[in-house]
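Data first, discussion second: the structure below is written as structure tokens.
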Amino acid sequence: MFEFKVIAECKTTGARAGEFVTPHGVIKTPVFMPVGTLATVKAMSPAELKEINSQIILGNTYHLYLRPGNEIISKAGGLHEFMNWDGPILTDSGGFQVFSLAKLQKITDENVMCRSHIDGSQLIMSPEWSMETQRILGSDIAMCFDQCCEFPATHEKAEEAVKRTTLWAKRSRNFFQANNDSNKQALFGIIQGSVYEDLRRRSAEEILSLDFPGYAIGGLSVGESHEAMYRSLDLLNTLMPVNKPRYLMGVGYPLNIVEGIARGVDMFDCVLPTRNGRNATVFINSGRLNMRGKTHAEDFSPLDPECDCYACKNFTRAYLRHLAITGEILGARLFSWHNLRFTIRIAERAREAIIAGTFPEFLKEFKEKFHDDYHSDPE
RNA sequence: GGUGGAAUGGCCGAGUGGUCAAUGGCAACAGACUGUAAAUCUGUCGACGGGAGUCUACCAUGGUUCAAAUCCAUGUUCCACCA
């Protein structure tokens, strides 16, 4: 179980195609994993997720701990049963919430004293708490409880997060080994270090020494420039073991995905496709479109003629724009549907190209076609 | 026919002598969104001008006043109640 096999490698970039064996199926990489924080990929049913070839989805430890809570998940027979998803699930540890809900808490090496964002009640998050909750969730892949630091962060702050992440990784692993079933669940380590090369090296060294079945890159896509992100990925590509899956956490912007794949990343997850979908922004091969825009009011062509999704095959831009303007639920659904399919297909196309030996061409073409000035700040 | 009330920017609706080109909300338009406190948030929103500013504006006309969306008169339209 949890064997990772590289089946093809690009000769000129770091891209690789692989297979990762989990209890709920084999994941073909590179892969994009839709985020389903609260036991649902917002606006999408499990059947629809299958239809667009979602191989694996995410759930969130912190959010599911608060609602519905461990007891109900446990009675349901785990997260798979509860939400009726029979494919692989990866659960985030709650580490990201230490970052995104930072105002609500006090962090020490021991734990995170936190207030629920829902009712303000006190709760304590720790590596042990996270492992226990993820055990109950029964995800295929659990993540170490880490500390993601904000950007920009001073070297001192970033170093503190690296130290704490290593400390917590050891505690996560120890608790996991003692209590969780490593045949049913894999625990991935997370490398931090912000945009500092020395800290990335140090974090990688410390986390890799703990020998996890897979490794994640955390602390990126938090506001740093794309160049800074790529520099970190270039470095980590030289440090991370070849025979273990590499997961770039929180990345889903199309160009970041293809550039990430080119730097040896196998797994991605992001809320961008669904969140932007709900807010009527879509990604297509030629770039990014705000579908609320008046320019689409009388455009009776498909959203993306090259896309095979339900929205693109059945509706016009004019109609989709109308749904966006009127705030109809179907609009949120169709845009999410399209964005997820588009993003998943990026990984699929990359994989095909890697296997065919044409990844460099694919990368070049994708970048030439995709026009957007998102995060184009020179640094 | 009588009595009372109301008319404000695309719509709804505050404002009852100067700080009002006029609060809010909606609509419209534009922007943001990267391990989800997000079907959310931000900006613009009379015209012209880069701006200082200028002009046109709170039903109409006339008036009071240094000054009127705000006060007075008349008219018009609408609403309510009584005949």
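Chain A is the first sequence line, chain B the second, and so forth, proteins listed ahead of strands; every chain is numbered from 1.
Looking at A/Trp337, A/Tyr310, A/Phe335 one by one, the single match for ring-ring contact (aromatic ring centres under 6.0 Å, His included) with A/Phe315 turns out to be A/Tyr310.
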Let me check I have this right: for RNA chain B, each base becomes ., (, ), [, ] or |, based on Watson-Crick or G-U pairs with both distances under 3.5 Å. What is the full string? ((((((((.[[[..)..(.....]]].(((((.......))))).(((....)))...[[[[[..)....]]]]]))))))).
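Counting any heavy atom pair closer than 4.0 Å across all strands shown, A/Ile325 reaches sugar-phosphate atoms only and no base atom. Among the atoms of the strands shown, none is found under 4.0 Å from any heavy atom of A/Glu328.
Comparing B/U77 with B/U8, their C1' atoms sit 16 Å apart, to the nearest whole Å. B/U74 and B/C20 are spaced 32 Å apart, taking the P atom of each and rounding to whole Å. Look at the P atom in both B/A57 and B/A68: the space between them is 13 Å, to the nearest Å.
Toward the 5′ end of RNA chain B lies the nearest nucleotide of A/Lys294, the other residue of the pair A/Lys294 and A/Met249 mapping further downstream.
Closest approach of A/Gly189 and A/Cys144 over heavy atoms only: CA-SG, 3.9 Å.
Evaluation of atom-type donor-acceptor distances gives a pair under 3.5 Å for the side chain of A/Arg275 against the base of B/A38. The base of B/U36 has none of its N or O atoms less than 3.5 Å from a complementary donor or acceptor on the side chain of A/Arg67. In the interface, the side chain of A/Thr274 is paired with the base of B/U36 through a donor and an acceptor atom under 3.5 Å apart.
In this structure A/Arg275 satisfies the salt bridge (Lys or Arg N to Asp or Glu O under 4.0 Å) test with no other residue, sequence neighbours excluded. For A/Arg333, the salt bridge (Lys or Arg N to Asp or Glu O under 4.0 Å) partners two or more places apart in sequence, or in a different chain, are A/Glu48.
A heavy atom closer than 4.0 Å to some atom of RNA chain B occurs in A/Gly219, A/Ser221, these being the qualifying members of residues 203-222 of chain A. Scanning residues 51-63 of chain A for heavy-atom distances under 4.0 Å to RNA chain B yields A/Leu58, A/Asn60, A/His63. Looking at residues 107-126 of chain A, you'll see A/His117 sit with a heavy atom under 4.0 Å from some atom of RNA chain B.
One can place OH of A/Tyr247 at 9 Å from P of B/G35, the figure rounded to the nearest angstrom. The CG atom of A/Leu289 sits 11 Å away from the P atom of B/G31 (whole-angstrom rounding). Nucleotide B/U42 holds its C1' atom 12 Å from the CG atom of A/Asn279, rounded to whole Å.
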side-chain contact (heavy atoms from CB on, under 4.5 Å) for A/Met113 and A/Met125? Distances and angles first, verdict last. CA-CA 6 Å; A/Met113 304 266 279; A/Met125 295 194 284; over 6 Å; no
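The residues A/Lys313 and A/Asp308 are annotated as not salt-bridged, no charged nitrogen and carboxylate oxygen being separated by less than 4.0 angstrom. Contact check on A/Asp234 versus A/Arg200 returns no salt bridge, with no Lys/Arg side-chain nitrogen under 4.0 Å from an Asp/Glu carboxylate oxygen. A/Arg321 has no carboxylate O lying under 4.0 Å from a charged side-chain N of A/Asp299, or vice versa, which leaves the two without a salt bridge.
Within a 6.0 Å radius of NZ in A/Lys294, other residues, nucleotides and ligands contribute 12 heavy atoms or fewer.
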